[in-house]
There are 2 protein chains.
Amino acid sequence: MGKKISMAVIRRLPRYYRYLADLLRVDIKRISSKELSERMGITASQIRQDLNCFGGFGQQGYGYNVETLYKEIGKILGVERRFTTIIIGAGNMGNALANYENFRKRGFDLIGIFDINPNRVGQYINGIEILHMDKLEDFMKKNVVDIAILTVPSHIISEVAEKVADLGVKGIWNFSPQDLKLSHNVVIENVHLSDGLAVLGYRIKDLEQELA
Amino acid sequence: MGKKISMAVIRRLPRYYRYLADLLRVDIKRISSKELSERMGITASQIRQDLNCFGGFGQQGYGYNVETLYKEIGKILGVERRFTTIIIGAGNMGNALANYENFRKRGFDLIGIFDINPNRVGQYINGIEILHMDKLEDFMKKNVVDIAILTVPSHIISEVAEKVADLGVKGIWNFSPQDLKLSHNVVIENVHLSDGLAVLGYRIKDLEQELA
DNA sequence: TCATCTTTGTGATTTTTTTGTCAAGCTTTG
DNA sequence: CAAAGCTTGACAAAAAAATCACAAAGATGA
């Protein structure tokens, strides 16, 4: 019955969602796969095939209703459901993420921030008090935490990951350069910012050689 | 002659590079595609094929010399060449990136930080003074800047991008939620952190349904 | 209302990516 | 130094992803 949808498609959904939000903002009511393809720089065919994985949102001769499509993709991504998150590691990156307003709009509610540094504990970020890691277990017993955002140093990442997994998080967003792998039934997304930068470097070198 | 190497392969290189760095750190001298495949969770066949795109670094019956391979991949990625970078936008994310020590190790040297906020201008991050955007043009005429890291609000992103492109950057690392597209010969990597989070949300929902 | 246009959804086709297989060749060991 | 054991590189096969192409159906406009 449920034909599995490929990750390639899933990873494009947030991008569709962003473009649709842009259209909504400028009050465009309908859009054809052709026009969207021009804006996004992908083929119309791919757009139609992607969207069709989730059901026929379009209408022949008309295209897609922007608002409907936006809501549908939001539903697929879980914006409606909402997820609670905590940040562990209130360093520079943790701080930046805690201040990122967009997450809330996309369905993610930050409900706790933890650190081990006594200078940080007790401070507030974006209205949320930084708690000591000692309080983590207690906190997670009193609150449902869907996602742990880990911005801790590499050398403790797996220890912290194991801990939050044991305490019942459903997903981990890992910002440490160390890849994470757990046995638990926990979904993991590893970020690796510098990988993107490295690819940028490669592409620059490549372009230079091509032009030379 | 030069058969083009696919992006799929390129995007895996930084990951190989990280794993090799780990091996070096624990003083492992040689590694077979088989063992590396077990550590990385991909097939040995893929590793051999990936590495072979750039030349035969391995040796039958022995495997790959970790140090050699590490250096070779570093060369491919441009670590040897090094790139100069500036950060535009000294907000939370700009601040976090400016403090990220790993970039230097990976071949990227931060040489300037710019902002428009008078409270930020004059402050130092990681030993670098935040300059006012007014100084950007002058700075870029006196210094070769390879990469501009843009952590500015969406509504000014394309303006800033155009500017740095005109002033000669070769690459842009874009952290604004708005996709960038320029006509110039400038390489662009869009980051979109929240897309990753959205995918995490999807995968959690998906797993829950599967288990239900 | 009818004819023309537009645009979707879908199956077929092509391209790309990943995986499997094995001869060739180096390493290791006694 | 010969035999046994590994492991690569290359090619073939399979799988996955992207693109093409078109019938079907609604939209538009006279």
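Values in this document were obtained by computation on a predicted structure and should not be read as measured data. Per chain, numbering begins at 1; letters A, B, ... match sequence-line order.
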> At what angle, to 10 degrees, do the two end axes of the helix from dT1(C)-dA30(D) to dG30(C)-dC1(D) meet, given five pairs define each axis?
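Rounded to the nearest 10 degrees, the bend comes out at 30°.
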
> Verify the contact: side-chain N or O of Asn52(B) to OP1 or OP2 of dT8(D), cut-off strictly under 4.0 Å; return yes or no.
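Asn52(B) to dT8(D) OP1/OP2: no side-chain N or O under 4.0 Å.
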
> When you match Gly58(B) and Gly61(A) each to their closest nucleotide on DNA chain D, which lands nearer the 5' end?
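Nearest-nucleotide comparison on DNA chain D picks Gly58(B).
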
> Enumerate the residues from residues 62-75 of chain A whose closest heavy atom to DNA chain D is under 4.0 Å, giving them by residue number; use none for an empty result.
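Output list: Tyr62(A).
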
> Does Arg30(B) place a side-chain N or O at less than 4.0 Å from the phosphate oxygens OP1/OP2 of dT28(C)?
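Yes, such a contact exists.
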
> Can any side-chain N or O of Arg15(B) pair as donor or acceptor with the backbone N or O of Met40(B) at less than 3.5 Å?
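Yes, the answer is positive, given that a donor and an acceptor are paired below the 3.5 Å cut-off.
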
> Lys34(B) has an atom NZ; how far is it from atom C1' of dG20(C), in whole Å?
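From Lys34(B) NZ to dG20(C) C1': 15 Å.
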
> Checking side-chain contact (heavy atoms from CB on, under 4.5 Å) against Leu20(A), which of Val66(A), Thr68(A), Ile28(A) comes through?
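Option passing the side-chain contact (heavy atoms from CB on, under 4.5 Å) with Leu20(A): Val66(A).
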
> Salt-bridged, Glu38(B) to Lys34(B), with N to O below 4.0 Å?
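Yes, this pair counts.
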
> Tell me, for nucleotides 12-21 of chain D in 5' to 3' order, what letter each nucleotide earns: B for a base near a protein heavy atom under 4.0 Å, S for only sugar-phosphate near one, - for neither?
-----SBBBB

> Answer yes or no: does a side-chain N or O of Ser33(B) lie under 4.0 Å from OP1 or OP2 of dT8(D)?
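Answer is yes, contact under 4.0 Å.
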
> Rounded to the Å, how far apart are Ile5(B) CD1 and dT18(C) C1'?
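Computing the Ile5(B):CD1 to dT18(C):C1' distance gives 17 Å.
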
> Roughly how many Å is it from CG in Leu51(B) to P in dA10(D), rounded to a whole number?
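After rounding, the gap between these two atoms is 12 Å.
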
> Please determine whether a side-chain nitrogen of the Lys or Arg among Lys163(A) and Glu159(A) lies less than 4.0 Å from a carboxylate oxygen of the Asp or Glu.
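Salt bridge flag = no for Glu159(A) with Lys163(A).
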
> Please determine if a side-chain N or O atom of Gln59(B) lies less than 4.0 Å away from the OP1 or OP2 oxygen of dT7(D).
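Negative; the distance criterion is not met.
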
